[in-house]
Amino acid sequence: VVIYEALGKTGGLMRTNIPSFRLPAAVLDEEINYILNMDVDLRLNSPISSLKSLLEQDYDAVFVGSGAPKGKELELPGRHDTDRIHIGISWLESVAFGHTKSIGEKVLIIGAGNTAMDCCRSSLRLGGNDVKVMARKPRAFFKASDWELEDAEEERVEIVECLSPEAFIIENGKLTGMRFSRLEYYDDDNGRMQSRVVEEVILPCDDVNLPNGQENTFPWIERDIGIEIDKWEMPNVD
């Protein structure tokens, strides 16, 4: 069994995209060593740029476990008019490598998944004083684990429900806030949950983080090697 790792250390994405206060390096190293002690051939600094070339090496099977390393965008008015709006997964990586060392006092986190919890708690550690997690749906629909929500709230993160982002507010080239629609949820005649806008809400901020989902990305899988790629740029597998 051969493991190819693009970085010079094992556990690349876990090491750079999950904060050390949540996954200490010592714990990660211990888990990885369980695998390496089974005589796995680990090849560091070995990024895969071509699946075709890998298949030509005559392996019996190839397992692709590259995760979902591409953060989703949030294309709203004002998105590209400031450098104070960050893509969650990329921002966490920048923090891990020491490129990002500070953040504004008022921070809005758009999304309520596990990555959002990492972003809000990391923001507190980098100087954020008023950090809010903004969720479009009620808490029962959050993707973050209950214990992560509780940990964030214990650290003074405010969880705000039922606000849908509408626009970034830019004044004189500076990000000053975001505009949201407050939603009210109800069941329609078929029992399906629907929403309606009840008011507009504007919240001030110095920075906005967008951990609102991640996508797989496979630019290194050639399109002419017999693997069907669907409309979401995902390989069709059984």
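Note that these values count all heavy atoms, side chains included, but never hydrogens, waters or copies made by symmetry. Bear in mind the structure is a predicted one, so any value in this text is a computation, not a measurement.
A donor-acceptor pair shorter than 3.5 Å cannot be found between the side chains of Glu93 and His99. Side chains of Asn129 and Glu105: a donor-acceptor N/O pair is absent below 3.5 angstrom, by distance only. Ser181 and Glu200 are not linked by any side-chain donor-acceptor pair at a separation below 3.5 angstrom, with hydrogens and angles left out of the test.
Side-chain contact between Met178 and Val208 is present, with at least one heavy-atom pair separated by less than 4.5 Å. Using a 4.5 Å heavy-atom threshold, the side chains of Leu163 and Val201 count as touching. Looking at Phe142 and Val133, their side chains never come closer than 4.5 Å, going by heavy atoms from C-beta outward. No side-chain heavy atom of Pro204 sits under 4.5 Å from any side-chain heavy atom of Thr176. Under the 4.5 Å side-chain criterion, counting only non-hydrogen atoms from C-beta, Met134 is in contact with Lys132. Within the 4.5 Å cutoff, no side-chain heavy atoms of Ile202 are placed close to those of Phe180. Two residues are said to be in side-chain contact when any heavy atoms from C-beta on lie closer than 4.5 Å; Asp41 and Ile3 fail this criterion. For the pair Leu54/Val62, a side-chain contact is recorded, criterion being any heavy-atom separation below 4.5 Å from C-beta on.
Of the inter-residue distances, the one linking Gln194 atom CD with Asp187 atom CG reads 8.5 Å to the nearest 0.5 angstrom. Here the CZ atom belonging to Phe21 is positioned 6.0 Å from the CG atom belonging to Asp118, to the nearest 0.5 angstrom. For the atom pair CD (Glu153) and SG (Cys120), the distance works out to 9.5 Å, reported to the nearest 0.5 Å. Distance check: Glu5 CD to Ile32 CD1 gives 8.0 Å after rounding to the nearest 0.5 Å. For the atom pair CD1 (Ile87) and OG1 (Thr115), the distance works out to 12.0 Å, reported to the nearest 0.5 Å. We find the CD-CG distance between Glu158 and Asp130 to be 7.0 Å, quoted to the nearest 0.5 Å.
Here the shortest heavy-atom pairing between Glu161 and Arg182 reads O-NH1, 4.5 Å. Closest approach of Leu149 to Arg139, counting heavy atoms only: CB-NH2, 3.4 Å. The two residues Cys205 and Gly177 have their closest heavy-atom pair at SG-CA, 3.5 Å. Considering all non-hydrogen atoms of both residues, Pro235 and Ile227 come closest at CB-CG2, 3.9 Å. Smallest separation of non-hydrogen atoms from Asp207 and Gly104: OD1-N, 2.9 Å. The minimum heavy-atom distance linking Ala116 with Pro211 is given by the pair CA-CG, 3.5 Å.
The backbone N or O of Asn190 lies less than 3.5 Å from a partner atom in the side chain of Asp188, making a donor-acceptor pair. At least one donor-acceptor pair closer than 3.5 Å links the side chain of Arg125 to the backbone N or O of Arg121. Here the side chain of Ser53 pairs no donor or acceptor atom with the backbone of Leu51 at under 3.5 angstrom. Counting only distance, with no hydrogens or angles, the side chain of Asn114 and the backbone of Ser145 share a donor-acceptor pair below 3.5 Å. Between the Glu184 side chain and the Val198 main chain, no donor and acceptor come within less than 3.5 Å of each other.
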| field | Lys52/Asp224 under salt bridge (Lys or Arg N to Asp or Glu O under 4.0 Å): CA gap, chis, key distance, verdict | value | CA-CA 9 Å; Lys52 180 186 290 186; Asp224 60 351; 3.5 Å; yes
| query | Stepwise, does the side-chain contact (heavy atoms from CB on, under 4.5 Å) test hold for Ser50 with Trp220? | reply | CA-CA 5 Å; Ser50 167; Trp220 46 274; 5.9 Å; no
| Full working for side-chain contact (heavy atoms from CB on, under 4.5 Å) between Phe97 and Leu92 | CA-CA 9 Å; Phe97 282 116; Leu92 287 171; over 6 Å; no
| message | One pair to check against side-chain contact (heavy atoms from CB on, under 4.5 Å): Trp91 and Ile89. What are the steps and the verdict? | response | CA-CA 5 Å; Trp91 181 80; Ile89 198 75; over 6 Å; no
| task | Report the C-alpha separation of Val95 and Leu126 in whole Å, then their side-chain angles, then the decisive distance to 0.1 Å, and conclude whether the side-chain contact (heavy atoms from CB on, under 4.5 Å) test is met. | result | CA-CA 9 Å; Val95 171; Leu126 293 183; 3.7 Å; yes
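Linking Ile, Leu, Val, Met, Phe, Trp and Tyr residues whenever their side-chain heavy atoms come within less than 4.5 Å places Phe141 and Val197 in a single cluster. By the rule that hydrophobic residues join a cluster once side-chain heavy atoms approach within less than 4.5 Å of another member, Val131 and Leu203 end up as members of separate clusters. Residues Leu124 and Met117 fall within the same hydrophobic cluster, defined by Ile, Leu, Val, Met, Phe, Trp and Tyr side chains chained together at heavy-atom separations under 4.5 Å. Linking Ile, Leu, Val, Met, Phe, Trp and Tyr whenever their side-chain heavy atoms come within less than 4.5 Å puts Leu210 and Val160 in one cluster. Both Leu28 and Val40 sit in one connected hydrophobic cluster of ILVMFWY residues. Membership requires side-chain heavy atoms under 4.5 Å apart, directly or through other members.
Geometrically, Arg196 engages Tyr186 in a cation-pi contact defined by less than 6.0 Å to the ring centre and at most 45° from the axis.
Remark: Asp146 CG is loosely packed, at most 12 non-hydrogen atoms of other residues, nucleotides or ligands lying under 6.0 Å away.
One finds no salt bridge joining Arg79 and Asp81 here, because no Lys/Arg side-chain nitrogen approaches an Asp/Glu carboxylate oxygen to under 4.0 Å.
With respect to Thr100, the side-chain hydrogen bond (donor to acceptor under 3.5 Å, both in side chains) criterion is satisfied by exactly one of Ser94, Ser122, Ser90: Ser94.
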